[in-house]
Amino acid sequence: MESSRSPRTGRRHSLLRTAAVTLSLATAAALAGCASADTTTPSSSGQSAFKPVAQKEGSQITVWADSTRLPSVQAYQKSHPDVKMKIVTYDGGADGSTYLQSKVQLFDRTGSGWPDVVFGTPTDVTWASEATKPGARPFAAPLDEKLVPQSTLDGFAKGSLTPCQFNGHTYCMRNDIAQVLLWYNKSLMDKWGYKVPATWQEYEALGKQVAKDHPGYLVGSVGDTNSHESYFWSGQCPAFSLVKPDTLRTDLQDPKCTRMAKLLDNLISAKAIATQGFFSQGFAKNSGSKVLMAYGPSWYGQYLFKAGFKTPAKQIAAAPPLTWQGESTTATGNVGGGVWMVSSHSANLKASTDVVTWLTTSDENQATAPTYPAYAQAAKAWLANPANRDYFANDVSEPFEQAANEVWTGWSNTRFSDSTAWSSVVLPALTSGKSLTETLPAWQQEIAGEAKTQGYKVVDQ
C-alpha cells in the first residue's frame, strides 16, 4: 500500500505509515549475487536487450522488505523451506525516500551488494527501470521478459501495473492498491434521511445540506498530505501527466482541475469539508465522530474509521466512486500501494520471481494482507476474509472491486513525489484562508519546478 499512492506504499507513498505515526496504528505502516557487465537498454523497437547474469540454481537470494511486509516474506520462507533466503528489514515504504536508490548507486559503483528482491514504492520504479550510470544495468529486471507469464501479469486489476511499466516493459508487480471510493456513516445517513450521492454534483449539494441541517458534521477533508490524490486524481486533473517519458504536462487551469477546486471551495466555505487533515493532531478526538462522509482510499475503513476514529462496527459503509453528472466515464484516484521488484543482478531469477509472484498473487498470502491486493483473484480471497468485511454496515465487495478497475491512469508515476508541492504550497495556503482556486497557479508552479529539477521538460497543454 503506500503507499499510496498510494499503494502510486504509492503511487506511492507511505501513507499508511503516516497514519500509523499519527493514530498509533502499528499495522498500518507503509501503507516497501554477482552481475555481469551487460547492460539492459530497451531498443527502439520496444524489445528489451535484457540478458540475465550467469545463473546459479539453488543459490541464496536476499530479500529486502519493510516491517509491514516482513511477516509475508517469513511466511513464504516457512512454506518453501528449500529456498535459501536472507531476509533484511528496511524502510522501503516511505515515498520520497532515496535510501534504496542511494544503496543501488553504491552497489553499481562497487560492483556487488544488490538484493535479489525488494519492496518499494512505484516512485522507485522510475529510476530502477533505468541505469544509474553509463555502463550499468537498470536495477529492476523486466518481468515480462520470460520471467513472469503474461497470463499472471494480465490478472492484476485494470491499470494497477501502469506505474510498473516503462519503455514497453513491466518492471514490478503491484503488492496492493488503495483505490478511492466514497465512505459514509450509514447509521446517520439513514437516521437523517439522506440519500448516498452518486455524482459529484449530488455530493456538493448534500454537503451544503448537511452544513445547514447539522452544523459541525463533515463530508470530507482536504488537509492531509494525500488529499489531492482523492479529489484531483479522481477528477482526472492533469497535474502529473507524462505525455512522453521525459515530458510532464501539469495544467491546473484545465477545466477538470478548476471544477474540482470550485466544488471543494464551496464545501470548505460551507464548513462541510475541513481544511484540517483527518490524520492531523487532535482531529480524531475532536471531530472523528462527526465525519458523515469521506472520499478516500480503501484502507480508510479499517485504519481511519475503525482504528483512528473508533467508530463502532456496522455504521460505516462504502459506495462506488462518484461520477460527474452527464459524463459516462467513471474515474477514481489511488492513495498508496507498494510494489515488488526483482533485481536484474540476481543469480537466481527463478527463485526471486517465484517469491515476488507468491507475495503478490497467492491467496495464501494476500487473503490476510493488511490492505487490498492488486491481483484480482487474490483480492476476492481478501474480500472473503471475515476480518476484512465484518466491521462494515454493507457488503464492500462490489464498490471495492469496481473502484479497483477505475483508477485513472492519467495521473502518472514520476521521479518525484506528488505530495511535496501539495504539502508545501497548498496546505499552508488553505490554513491561511486562501481558496483552492486562487492557489492553483502556485501549486502548478511548484510542481513544474520540482519536475525540472528531476530532468523533465514541462508543458501545460
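As a basis for the values below, the full set of heavy atoms in this structure was taken, side chains included, without hydrogen atoms, waters or symmetry mates.
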Enquirer: Would the distance check show the side chain of Thr360 and the main-chain N or O of Arg174 forming a donor-acceptor pair, the cut-off being under 3.5 Å?
Expert: no

Enquirer: For a quick check under 3.5 Å, do Thr170 and Asp144 share a side-chain donor-acceptor pair by atom type?
Expert: no

Enquirer: Tell me whether Gln445 at atom CD has more than 12 heavy atoms from other residues, nucleotides or ligands lying less than 6.0 Å away.
Expert: no

Enquirer: Between the side chains of Thr162 and Thr409, is a donor N or O closer than 3.5 angstrom to an acceptor N or O?
Expert: no

Enquirer: With no hydrogens and no angle check, do the side chains of Gln179 and Ser298 hold a donor and an acceptor under 3.5 Å apart?
Expert: yes

Enquirer: Short question: side chain of Ser362, backbone of Asn365 - any donor-acceptor pair under 3.5 Å?
Expert: yes

Enquirer: Do any N or O atoms from the side chain of Asp224 and from the backbone of Ser227 form a donor-acceptor pair under 3.5 angstrom?
Expert: no

Enquirer: Parallel, tilted or perpendicular for His228 and Trp411, by the 30°/60° rule?
Expert: tilted

Enquirer: For Phe278 and Phe283, take the angle between the two ring planes, folded into 0 to 90°, and tell me which bin it lands in: parallel under 30, tilted 30 to 60, perpendicular over 60.
Expert: perpendicular

Enquirer: Spell out, as yes or no, whether a donor-acceptor pair under 3.5 Å connects the side chain of Ser234 to the backbone of Gly333.
Expert: yes

Enquirer: Do any pairs count as a disulfide bond (SG atoms under 2.5 Å apart) and have a residue in residues 103-178, sequence neighbours left out, and if so which ones?
Expert: Cys164-Cys172

Enquirer: Using 30° and 60° as the class boundaries, would you call the ring planes of Phe156 and Tyr375 parallel, tilted or perpendicular?
Expert: perpendicular

Enquirer: Could you note down all residue pairs passing salt bridge (Lys or Arg N to Asp or Glu O under 4.0 Å) where residues 248-259 supplies at least one of them, sequence neighbours left out?
Expert: Arg249-Asp251, Arg249-Asp254, Arg259-Glu327

Enquirer: Trp324: which residues meet the ring pair (Phe, Tyr, Trp, His ring centres under 6.0 Å) condition with it, sequence neighbours left out?
Expert: Trp200

Enquirer: Kindly say whether Thr62 contributes a backbone atom to a donor-acceptor pair with the side chain of Asp116 at under 3.5 angstrom?
Expert: yes

Enquirer: If you take all heavy atoms of Glu401 and Asn405, which pair is closest and at what distance?
Expert: O-ND2, 3.1 Å

Enquirer: Verify whether the ring centers belonging to His80 and Tyr76 lie closer than 6.0 Å.
Expert: yes

Enquirer: Phe400: which residues meet the ring pair (Phe, Tyr, Trp, His ring centres under 6.0 Å) condition with it, sequence neighbours left out?
Expert: Trp183, Tyr372

Enquirer: Under a 3.5 Å distance rule, please check whether Ser129 uses its side chain to pair with a backbone N or O of Val125 as donor and acceptor.
Expert: yes

Enquirer: According to side-chain hydrogen bond (donor to acceptor under 3.5 Å, both in side chains), does anything in residues 146-156 pair up with another residue at least two apart or in another chain? List the pairs.
Expert: Gln150-Asp154

Enquirer: What's the shortest heavy-atom distance between Ala367 and Asn385, and which atoms?
Expert: O-ND2, 2.9 Å

Enquirer: Will you find, in the side chains of Ser419 and Ser417, an N or O donor that is under 3.5 Å from an N or O acceptor?
Expert: yes

Enquirer: Between Asn394 and Ala318, what is the shortest heavy-atom contact and its length?
Expert: ND2-O, 2.9 Å

Enquirer: Does any N or O in the side chain of Ser343 come within less than 3.5 Å of the main-chain N or O of His345, such that one atom is a donor and the other an acceptor?
Expert: yes

Enquirer: Name every donor-acceptor pair, under 3.5 Å, that has one atom in a side chain of residues 450-461 and the other anywhere in the protein, sequence neighbours excluded.
Expert:
from   : atom 1 : to     : atom 2 : distance (Å)
Glu450 : OE2    : Ala421 : N      : 3.3
Thr453 : OG1    : Glu450 : O      : 2.6
Tyr456 : OH     : Arg415 : N      : 3.0

Enquirer: Roughly how far, to the nearest 0.5 Å, is CZ of Phe50 from NE2 of His169?
Expert: 11.0 Å

Enquirer: Is there a side-chain contact between Phe416 and Phe240, using heavy atoms and a 4.5 Å cut-off?
Expert: yes

Enquirer: Check whether any side-chain heavy atom of Gln377 sits under 4.5 Å from a side-chain heavy atom of Thr361, and report yes or no.
Expert: no

Enquirer: State whether the side chain of Gln55 and the backbone N or O of Val53 hold a donor-acceptor pair below 3.5 Å, judged by distance alone.
Expert: yes

Enquirer: Under 3.5 Å, side chain of Ser72 to main-chain N/O of Leu359, donor-acceptor pair present?
Expert: no

Enquirer: With no hydrogens and no angle check, is any side-chain donor or acceptor of Ser160 less than 3.5 Å from a backbone partner on Ala157?
Expert: yes

Enquirer: If the plane angle is over 60° it's perpendicular, under 30° parallel, otherwise tilted; pick one for Trp114 and Phe107.
Expert: perpendicular

